[in-house]
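Each chain gets a letter, A, B and so on, in the order the sequences are listed, and its residues count up from 1.
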Protein chains: 2
Amino acid sequence: MKALKYRPNSVARSLVSNQTKTIALISGPLHNPFFVETTTSIVNYAEVKGYRTMVFFEHTDENRPVYDAVLAERVDGILLSSIFRDDSIFDELHALNIPIVMYNRRHNRGGNYVEIDNELSGSIAASHLLELGHRNLGLIGGPDYTSTFHGRKTGFVREYERWLGQAFPEEMIVETNTTEAAVHQAVLDLTSRKKMPTAIFAATDAIAFFAMDKLQEIGYSIPEDISICGMDNVNFASHQSFQLTSIGQKGPKNLGLIGAEHLIDLIEEEPLEEVQITLEPTLYDRKTTKPI
Amino acid sequence: MKALKYRPNSVARSLVSNQTKTIALISGPLHNPFFVETTTSIVNYAEVKGYRTMVFFEHTDENRPVYDAVLAERVDGILLSSIFRDDSIFDELHALNIPIVMYNRRHNRGGNYVEIDNELSGSIAASHLLELGHRNLGLIGGPDYTSTFHGRKTGFVREYERWLGQAFPEEMIVETNTTEAAVHQAVLDLTSRKKMPTAIFAATDAIAFFAMDKLQEIGYSIPEDISICGMDNVNFASHQSFQLTSIGQKGPKNLGLIGAEHLIDLIEEEPLEEVQITLEPTLYDRKTTKPI
DNA sequence: GTGAAAGCGCTAACAC
DNA sequence: GTGTTAGCGCTTTCAC
């Protein structure tokens with residue numbers, strides 16, 4: 001009788017069942033194509049599994065408002081890419097007593113995470129550039145207090161020092177906040193060093209794209225004048241207009257999707273053991289790097 | 001006393017207050033950079049205004065599951081880019097009696113919407129290409145049952161016929177579902193016509209990027225062999241590696257942000273009058289189009 | 001089996 | 001002002 005009118009109130013149901021069928025996603029910014037791919041996978045996977053996704057984007061400056069919003073919300077689980085290595089939000093989030101999975105970045109104290117081997121990635125980038133004969137390398141990264149950039153830098157520097165037996169020159173490392181403006185400035189900085197680098201490792205493809213844009217704008221050809229190696233192997237990297245050499249994972253499932261699968265497992269099954277996954281990286285050798 | 005433990009239950013509060021401080025966003029796919037820009041703006045604006053955003057992505061095939069999920073949810077308002085010109089979901093959504101704003105696409109019957117003038121955009125594209133001397137034009141669009149593609153095609157064809165006094169050749173219009181594979185096929189189709197087009201209007205920048213990728217892959221140079229004009233004037237369009245000529249709006253606020261502002265107004269203020277906004281387009285003339 | 005009642009954790013209304 | 005109570009719309013339990 002009420003057949004064609006009645007809509008059960010999901011809020012009332014949530015109140016009694018104590019589950020909202022909603023997950024919170026705290027993602028890095030979408031101007032980084034890596035996060036467009038993970039966000040797409042996560043939202044669509046959650047939908048298939050019957051979950052709604054509340055999306056929040058990491059702020060460049062201060063994440064407190066985002067975390068406060070999430071903390072105030074009742075969700076069944078949290079997926080986040082934005083944590084710092086030694087982030088105090090780790091405890092606050094875990095005090096919620098709901099499943100939490102970190103993807104991309106991880107926290108010093110562990111927890112559930114899905115990452116790529118960042119140190120290995122950095123060393124793959126370095127040895128690729130070194131093998132091509134480059135000796136004057138630059139690195140444009142993000143904040144060192146994130147596991148991703150810390151790991152990539154560490155691996156890159158270590159491999160350089162292993163090859164050449166000399167310290168990597170500090171001034172060839174530029175840490176940015178990964179925004180377009182900051183990366184453009186980094187390019188200006190690096191190209192004005194007394195010995196300009198012949199090759200740059202951009203610690204994400206997003207950084208690589210910004211850097212290539214600026215380099216071309218100020219008159220450099222890639223890879224003729226300077227080689228660029230990115231990381232994440234984002235879809236756009238293989239576009240003919242970029243042909244960006246990049247480090248990326250091997251399998252087809254991105255870190256976000258793997259994280260989402262495990263998060264929903266953790267929500268629905270008994271909290272077996274921690275999920276701590278480190279994917280193996282590999283080099284996707286395209287056209288933005290060439291022998292010197 | 002309970003000072004350091006108590007977290008108010010937002011679900012219980014929502015039940016009694018009858019508001020969830022949550023909006024639903026049904027967005028086109030993020031592989032279209034237009035939607036990464038709108039989604040970013042919407043989520044961040046909503047957060048500032050104290051609203052959470054539940055994100056859903058339009059499916060290429062069948063949107064029913066998405067709409068069912070949204071219909072089952074209690075949200076304070078809905079923002080959607082995915083509606084068809086004559087979509088029956090229009091009534092179902094409006095039966096919810098909550099504010100609804102369509103952005104990008106609109107419905108035949110009106111409602112609240114924020115769009116760009118699609119017909120004018122199409123005619124701007126046509127006259128730009130015609131002015132450059134091109135007479136053999138191709139069009140790669142999306143489904144005609146969407147206001148955007150319908151309008152862009154209509155304006156493009158009308159302008160062509162106004163200039164040349166002859167019917168636009170049907171076989172030079174390829175309607176796709178805007179996926180990468182479909183656009184690649186469209187490029188193959190168009191380049192194998194007995195008279196290959198010397199210029200293509202891609203009805204979105206996303207389509208333009210896919211088309212350029214395929215064209216270059218099969219050996220064409222842009223714009224030397226073929227001119228490409230996109231639409232949306234997405235951030236990536238101005239990247240040095242693309243330099244994509246595109247049609248876009250004039251102002252700095254994207255359609256999604258404008259839609260979000262009005263949606264939250266409608267939620268918080270009395271439902272004054274309908275918001276029906278049509279932005280004026282303009283040509284961003286870059287390097288992918290040249291005189292024949 | 002069917003039906004009534006209790007209760008989830010808040011807010012708002014009403015008393016004192 | 002401060003305290004108590006009713007009730008939001010479900011689900012689950014318990015009685016019949």
Side-chain angles (χ1 to χ4, degrees), chain A residues 1-24 26 46-54 56 64-78 89 91-100 263-271, chain B residues 1-24 26 46-54 56 64-78 89 91-100 263-271:
Chain A
M1 29 212 65
K2 62 232 295 193
L4 270 318
K5 278 286 144 190
Y6 174 69
R7 292 199 316 129
N9 186 323
S10 60
V11 176
R13 173 179 294 149
S14 288
L15 182 60
V16 45
S17 68
N18 204 32
Q19 52 165 7
T20 52
K21 284 294 195 175
T22 300
I23 63 172
I26 309 172
E47 191 216 311
V48 166
K49 301 294 281 187
Y51 287 79
R52 257 60 70 211
T53 310
M54 244 171 212
F56 301 84
R64 195 67 230 177
V66 176
Y67 288 126
D68 282 341
V70 174
L71 255 4
E73 212 56 44
R74 296 314 243 236
V75 293
D76 294 349
I78 301 175
I89 198 66
D91 292 323
E92 292 185 66
L93 255 17
H94 283 267
L96 260 29
N97 266 316
I98 56 174
I100 296 176
L263 180 68
I264 290 180
D265 265 8
L266 290 171
I267 291 172
E268 301 191 336
E269 318 291 336
E270 263 324 286
Chain B
M1 27 211 67
K2 61 229 298 194
L4 268 319
K5 277 287 146 189
Y6 174 68
R7 293 198 315 129
N9 186 323
S10 60
V11 177
R13 174 179 295 148
S14 289
L15 183 61
V16 46
S17 69
N18 204 32
Q19 51 164 10
T20 54
K21 284 294 195 174
T22 300
I23 63 173
I26 309 172
E47 191 215 310
V48 167
K49 301 293 281 186
Y51 287 79
R52 258 59 70 214
T53 309
M54 247 174 209
F56 301 83
R64 195 66 231 179
V66 176
Y67 288 126
D68 283 341
V70 174
L71 257 2
E73 213 55 43
R74 297 312 243 236
V75 293
D76 294 349
I78 301 175
I89 198 66
D91 292 323
E92 292 185 66
L93 254 20
H94 283 268
L96 259 31
N97 267 316
I98 57 175
I100 296 176
L263 181 68
I264 290 180
D265 266 7
L266 290 170
I267 292 172
E268 301 191 335
E269 316 291 335
E270 264 323 285

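The distance between atom CG of Asn18(A) and atom P of dC10(D), rounded to the nearest whole Å, is 17 Å. The nearest whole Å value for the distance from the CG atom in Asn9(A) to the P atom in dG7(D) is 18 Å. What separates CG of Leu15(A) from C1' of dG9(D) is a distance of 9 Å, to the nearest Å.
Ser14(B) contributes a side-chain N or O that, together with a main-chain N or O of Gln19(B), makes up a donor-acceptor pair within less than 3.5 Å.
Looking at Ile23(A), Val75(A), Ile98(A) one by one, the single match for side-chain contact (heavy atoms from CB on, under 4.5 Å) with Ile267(A) turns out to be Ile23(A).
Under 4.0 Å is where a charged nitrogen must lie from a carboxylate oxygen, and between Arg7(B) and Glu92(A) no such pair does.
Within the 4.0 angstrom heavy-atom criterion, no nucleotide atom of any strand lies near Arg74(B).
The shortest distance between side-chain heavy atoms of Arg74(B) and Thr22(B) does not fall below 4.5 Å. With contacts defined as side-chain heavy-atom distances shorter than 4.5 Å, the pair Thr20(A)/Arg52(A) does not qualify.
First and last contacting nucleotides of DNA chain C toward chain A (any atom under 4.0 angstrom from a heavy atom, 5' to 3' order): dC8(C) to dG9(C).
A 6.0 Å sphere centred on CG of Asn18(B) holds no more than 12 heavy atoms belonging to other residues, nucleotides or ligands.
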